Amino acid sequence: MTDIDLMSTNPFDDDKLHEECGVFGIYDHKDAAAHAALGLHALQHRGQEACGIFSFDGQQFHSHKGMGLVGDNFSESAVIDQLKGNTAIGHVRYATTGGTVLRNVQPLFAEFEFGGLAIAHNGNLTNTQAVRRTLVRRGCIFQSDMDTEVIVHLVAVSLYATVEDRIIDALRQIEGAYSLVAMTKDSMIGVRDPNGVRPLAIGKLDDTYIIASESCAFDIIGADFVRDVEPGEVVIINKDGIQSIKPFGPQKGRFCVFEYIYFARPDSLIENRSVYEVRKAIGAELARESGVDVDMVVPVPDSGVPSAIGYAAEANVAFELGIIRNHYVGRTFIEPTQEIRHLGVRMKHNANLASVKGKRIVLVDDSIVRGTTSKKIVDMMRHAGAAEVHMRISSPPTAWPCFYGIDTPRREKLLAGQYNVEEMAKIIGADSLAFISIDGMYRAVGEAKRNNDSPQFCDACFTGEYPTRLQDHDDEVADDKQPSLPLLAEKGK
């Protein structure tokens with residue numbers, strides 16, 4: 001056994017890369033807060049640790065924040081009623097920087113000379129510590145350990161006159177990935193970083209403009225998808241309508257390809273592509289690249305389902321629900337001893353014995369991170385009587401950590417960061433293991449292949465080629481007194 005496949009992980013954490021965060025904003029609607037709560041509910045898959053909404057009624061800002069799910073915090077009319085006003089922004093959080101405490105729950109709010117500013121951020125900055133040290137030397141006092149607060153302080157010390165220019169001035173000083181939505185007394189502002197790593201979209205409900213991380217947040221309130229915010233674009237929505245500014249010059253986007261593989265909801269439309277159709281196309285590519293003679297294709301639910309459908313159709317093999325997922329698993333009251341940890345996966349997944357017994361199966365999943373859950377699922381299939389268990393993964397091997405808003409283990413904790421495919425197959429106990437190729441993944445999203453000189457997407461977790469400087473990481477590697485950035489990411493936005 002290896003250190004990786006015996007790691008003490010939460011048994012109810014399905015060993016996935018965790019979603020980053022989700023943002024939502026709505027301008028000039030009589031039910032702004034209620035619509036924000038519904039929009040956040042649609043974005044719940046992007047973060048389940050905490051949520052918050054700020055609203056503005058023309059005179060005063062109002063807020064409500066809480067740990068846990070949107071439904072647990074915004075289901076009562078009394079809560080919505082206190083969020084008065086026609087403009088609101090909201091945030092769902094999974095911690096990638098900053099601890100899991102209420103003071104780190106977004107949106108953040110600060111009072112400036114121009115009035116109040118509420119801001120919600122999805123992504124991670126890669127020069128947070130360097131900028132933060134400069135700000136502290138200038139006398140700034142931080143109330144949280146989130147990188148979002150760095151943006152707030154940069155707005156505060158900016159010498160520009162308007163809030164829009166101050167925000168742009170602040171963003172010129174940061175690096176990394178960010179999609180933000182901000183609210184002032186006069187406007188709502190949406191911004192996407194110059195590389196467009198994280199998603200952000202514009203919707204419209206009658207005459208009301210909406211900004212959200214994914215288009216599925218528009219569907220739940222009956223709004224129409226208008227377009228994606230472009231990389232490096234600043235969108236300003238006020239009483240005069242919508243205005244677009246591109247202060248960073250022409251940009252070539254490097255959108256996170258893992259949004260298509262796993263993070264985004266399958267019913268979302270991102271960058272003019274259906275997430276569901278891309279995932280089916282990935283499955284078809286997998287079947288062409290690494291097909292194997294089996295009796296059935298079994299998805300690892302739920303994220304493996306679309307790719308398994310595509311694989312089965314391309315391979316002309318039966319698609320079967322050989323694993324049944326329990327959708328009602330929360331945190332356990334059982335003390336997670338080592339023995340219980342090995343049983344924990346069955347709280348979420350159980351073999352469908354009638355379908356699996358005696359069959360040669362191929363399991364389709366979206367990724368392998370540490371390998372702990374993959375090993376347990378393969379073991380489960382064997383105990384259910386499967387004659388052969390092959391595994392196919394609808395992403396290339398995840399061998400590098402992400403610094404752009406995804407909670408990724410350090411490289412030495414990533415299975416693909418330490419072992420080749422054959423060794424990984426032995427560790428998880430599969431008869432064979434294969435991942436989609438880099439070019440196969442690019443074909444599935446509509447590209448001929450990866451442009452190695454100028455990649456079309458951010459695929460750093462597969463290639464190690466990061467689209468921005470990693471100043472914080474480089475500084476911390478050079479100074480062994482500092483914790484590494486991936487370790488901070490494991491702590492918990």
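Residues take their numbers from the sequence shown, with the count starting at 1. Note that the structure is predicted; figures quoted are calculated from it, not measured.
Interatomic distance, F319 CZ to I309 CD1, rounded to the nearest 0.5 Å: 4.5 Å. Expressed to the nearest 0.5 Å, how far CD of E233 lies from OG of S244 amounts to 3.5 Å. Interatomic distance, CG of N124 versus SG of C21, reported as 8.5 Å (0.5 Å rounding). For the atom pair R46 CZ and S213 OG, the distance stands at 5.0 Å (nearest 0.5 Å). Taken from CG in D365 to OG in S395, the straight-line distance is 8.5 Å, to the nearest 0.5 Å. Atom-to-atom distance recorded for I89:CD1 and Y27:OH is 14.0 Å, nearest 0.5 angstrom.
At a threshold of 4.0 Å, the pair K246-E230 counts as salt-bridged, since one of the basic side-chain nitrogens sits closer than that to a carboxylate oxygen. A salt bridge is defined here as a Lys NZ or Arg NE, NH1 or NH2 lying under 4.0 Å from an Asp or Glu carboxylate O, and E388 with K359 fails to meet this definition. Here R325 pairs with D302 in a salt bridge; the nearest charged N to carboxylate O distance falls below 4.0 Å. Here R382 pairs with D431 in a salt bridge; the nearest charged N to carboxylate O distance falls below 4.0 Å. Between E412 and R370 there is no salt bridge, since none of the side-chain N atoms of the basic residue sits less than 4.0 Å from a carboxylate O of the acidic one. Salt bridge status for E214 with R265: absent, with no side-chain N to carboxylate O gap under 4.0 Å.
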Next item on the list: Please lay out, stage by stage, how C51 and H91 fare under the test side chain to side chain contact (heavy atoms under 4.5 Å, CB included).
Entry: CA-CA 5 Å; C51 52; H91 187 269; over 6 Å; no
Note to self: Does I428 form a side chain to side chain contact (heavy atoms under 4.5 Å, CB included) with L415? I'd like the steps, not just the answer.
What the structure shows: CA-CA 10 Å; I428 67 173; L415 200 67; 4.3 Å; yes
Next item on the list: Just do the side chain to side chain contact (heavy atoms under 4.5 Å, CB included) check on I361 and V294 with the steps written out, would you?
Entry: CA-CA 5 Å; I361 67 172; V294 293; 5.8 Å; no
Notebook entry, point to check: side-chain hydrogen bond (donor to acceptor under 3.5 Å, both in side chains) between S303 and D366: does it pass, once the steps are laid out?
Noted result: CA-CA 6 Å; S303 54; D366 58 83; 2.4 Å; yes
Checklist line | Verdict with reasoning, T148 to Q106, per side-chain hydrogen bond (donor to acceptor under 3.5 Å, both in side chains) | finding: CA-CA 9 Å; T148 313; Q106 298 186 46; 3.1 Å; yes
Margin query: What verdict does the side-chain hydrogen bond (donor to acceptor under 3.5 Å, both in side chains) test give for H29 and T208, after you've listed the backbone C-alpha separation in whole Å, the side-chain angles of each residue and the deciding distance to 0.1 Å?
Written below: CA-CA 6 Å; H29 193 283; T208 297; 4.8 Å; no
Next item on the list: Verify side chain to side chain contact (heavy atoms under 4.5 Å, CB included) between I119 and L180, making sure each step is shown before the conclusion.
Entry: CA-CA 7 Å; I119 186 168; L180 2 138; 4.1 Å; yes
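A 4.5 Å side-chain heavy-atom check between I377 and V300 finds at least one atom pair inside the cut-off. Between I368 and L433, the closest side-chain pair of non-hydrogen atoms falls below 4.5 Å. No side-chain heavy atom of H349 sits less than 4.5 Å from a side-chain heavy atom of K376. Side-chain atoms of D472 and T126, non-hydrogen and from C-beta on, never get closer than 4.5 Å to each other. Between I242 and I202 the shortest side-chain heavy-atom distance falls below 4.5 Å. Using a 4.5 Å cut-off on side-chain heavy atoms (C-beta onward), I210 and L205 make contact. Looking only at side-chain heavy atoms (C-beta outward), V297 and E320 stay at 4.5 Å or farther from each other. The shortest distance between side-chain heavy atoms of S374 and M391 falls below 4.5 Å.
Within the 3.5 Å criterion, the main-chain N or O of L269 finds a donor-acceptor partner in the side chain of S215. Formation of a donor-acceptor pair under 3.5 Å by the R93 side chain with backbone atoms of N104 is found in this model. Within the 3.5 Å criterion, the main-chain N or O of A34 finds no donor-acceptor partner in the side chain of D31. Between the Y260 side chain and the I270 main chain, a donor and an acceptor come within less than 3.5 Å of each other. For the pair S432 (side chain) and H390 (backbone), a donor-acceptor distance under 3.5 Å is absent. For the pair Q44 (side chain) and L40 (backbone), a donor-acceptor distance under 3.5 Å is absent. Not a single donor-acceptor pair under 3.5 Å links the side chain of E49 to the backbone N or O of M67. With hydrogens and angles ignored, the 3.5 Å screen pairs no side-chain donor or acceptor of S179 with any backbone N or O of R192. S307 places a side-chain N or O within 3.5 Å of a backbone atom of R279 that can act as its donor or acceptor partner. A donor-acceptor pair under 3.5 Å links the side-chain atoms of R172 to the main chain of P247, judged by distance alone.
Within a 6.0 Å radius of NZ in K204, other residues, nucleotides and ligands contribute more than 12 heavy atoms. The number of heavy atoms from other shown groups lying within 6.0 Å of CG (N420) is above 12.
Residues A264 and V275 approach most closely at CB-CG2, 4.0 Å, considering heavy atoms. The two atoms that bring A177 and V197 nearest to each other are CB-CB, 3.7 Å, heavy atoms only. Nearest heavy-atom pair across G52 and V105 is N-CG1, 4.4 Å. Closest approach of I174 and Y178 over heavy atoms only: CD1-CE2, 3.7 Å. Taking all atoms of both residues into account, the shortest heavy-atom contact from N73 to L69 is ND2-O, 2.8 Å. Listed here is the closest heavy atom pair of I282 and A444: CG1-CB, 3.4 Å.
Ring to ring, F258 and F462 are close: their centroids are under 6.0 angstrom apart.
N272 is linked by a side-chain hydrogen bond (donor to acceptor under 3.5 Å, both in side chains) to nothing, counting only residues two or more places apart in sequence or in another chain.
Under the salt bridge (charged side-chain N to carboxylate O under 4.0 Å, His left out) criterion, the residue pairs touching residues 442-467 are R273-E447, E285-R443, E289-R443, R450-D459, R450-E465, with sequence neighbours excluded.
If you check the side chains of Y404 and T468, you find a donor sitting under 3.5 Å from an acceptor.
Residue N352 forms a side chain to side chain contact (heavy atoms under 4.5 Å, CB included) with just one option from I323, I324, V298, and that option is I324.
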